[in-house]
Amino acid sequence: QLQLVESGGGSVQAGGSLKLSCVASGRTINSRCMGWFRQAPGKEREGVASMSYDGTLTLYADSVKGRFTISRDNAKNMLYLQMNNLKPEDTDTYYCAATVAYAGGCDGFRDGRENYGMAYWGKGILVTISS
């Protein structure tokens with residue numbers, strides 16, 4: 001069973017930066033699409049960014065394009081999200097997620113499928129941006 005644990009969240013002022021990390025254990029991520037998602041209480045989960053298994057395809061929500069960068073290190077079983085120029089509206093709980101093995105193309109994220117095609121989710125980490 002693949003397990004995902006996020007870290008790196010916290011509180012920063014608007015305009016600041018944070019880098020989220022997600023460590024995977026139990027299985028490898030090297031054949032999976034990986035992604036970051038966020039959700040505020042009472043709101044729908046939003047797909048923030050995804051990256052294909054080999055890192056060649058990245059997708060971003062319009063609201064974060066040019067500010068957030070997703071990356072991965074398959075050798076370390078790690079996923080990252082560099083967040084720059086943060087805004088108060090970026091305040092949310094952020095989740096790391098992965099598809100099942102050998103579903104590395106991120107079609108679910110691209111097409112907005114149920115759960116964005118993700119099968120495994122971390123517990124989430126809070127990011128708070130103050131104005």
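Residue numbers count from 1 along this sequence.
- There is a path of hydrophobic side-chain contacts, each under 4.5 Å, that joins Val12 to Met83.
- In this structure, Thr91 contributes its side chain and Ile129 its backbone to a donor-acceptor pair below 3.5 Å.
- At a threshold of 4.5 Å between non-hydrogen side-chain atoms, the residues Gln3 and Arg27 do not count as touching.
- The closest donor-acceptor contact from the side chain of Asp73 to the backbone of Ala75 lies under 3.5 Å.
- Put simply, the side chain of Asp54 gets close to the backbone of Thr56: a donor and an acceptor are under 3.5 Å apart.
- Between the side chain of Ser31 and the backbone N or O of Tyr102 there is at least one donor-acceptor pair closer than 3.5 Å.
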**Q.** side-chain contact (heavy atoms from CB on, under 4.5 Å) evaluation trace for Val48 with Tyr60
**A.** CA-CA 6 Å; Val48 175; Tyr60 293 95; 5.9 Å; no
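- Under the 4.5 Å side-chain criterion, counting only non-hydrogen atoms from C-beta, Ser25 is not in contact with Gln1.
- Under a hydrophobic-cluster definition in which Ile, Leu, Val, Met, Phe, Trp and Tyr are linked whenever side-chain heavy atoms come within less than 4.5 Å, directly or via other members, Tyr53 and Phe109 are assigned to different clusters.
- Thr99 contributes a side-chain N or O that, together with a main-chain N or O of Cys33, makes up a donor-acceptor pair within less than 3.5 Å.
- The only member of Glu6, Met78, Lys123 that meets side chain to side chain contact (heavy atoms under 4.5 Å, CB included) when paired with Cys96 is Glu6.
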**Q.** Criterion side-chain contact (heavy atoms from CB on, under 4.5 Å) on Arg32 and Cys106, from CA distance to verdict
**A.** CA-CA 8 Å; Arg32 306 172 193 263; Cys106 297; over 6 Å; no
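- Tyr95 and Trp121 have perpendicular rings, their planes meeting at more than 60° on a 0 to 90° scale where under 30° would count as parallel.
- Between Tyr80 and Phe68, a ring centre-to-centre spacing not shorter than 6.0 Å is recorded.
- Heavy-atom contacts from other residues, nucleotides or ligands closer than 6.0 Å to OH of Tyr120 number more than 12.
- Side-chain contact between Ser50 and Trp36 is absent, with no heavy-atom pair separated by less than 4.5 Å.
- Under the 4.5 Å side-chain criterion, counting only non-hydrogen atoms from C-beta, Arg67 is in contact with Asp90.
- For the residue pair Gln13 and Ser131, no side-chain donor N or O sits within less than 3.5 Å of a side-chain acceptor on the partner.
- Here Asp92 does not pair with Lys43 in a salt bridge; the nearest charged N to carboxylate O distance is not below 4.0 Å.
- Between Met34 and Ile70, every side-chain heavy-atom pair lies at or beyond the 4.5 Å cut-off.
- Checked against the 6.0 Å centroid threshold, Phe37 and Tyr94 do not count as a close aromatic pair.
- The CG atom of Asn30 sits 7.5 Å away from the CG atom of Asn77 when rounded to the nearest 0.5 Å.
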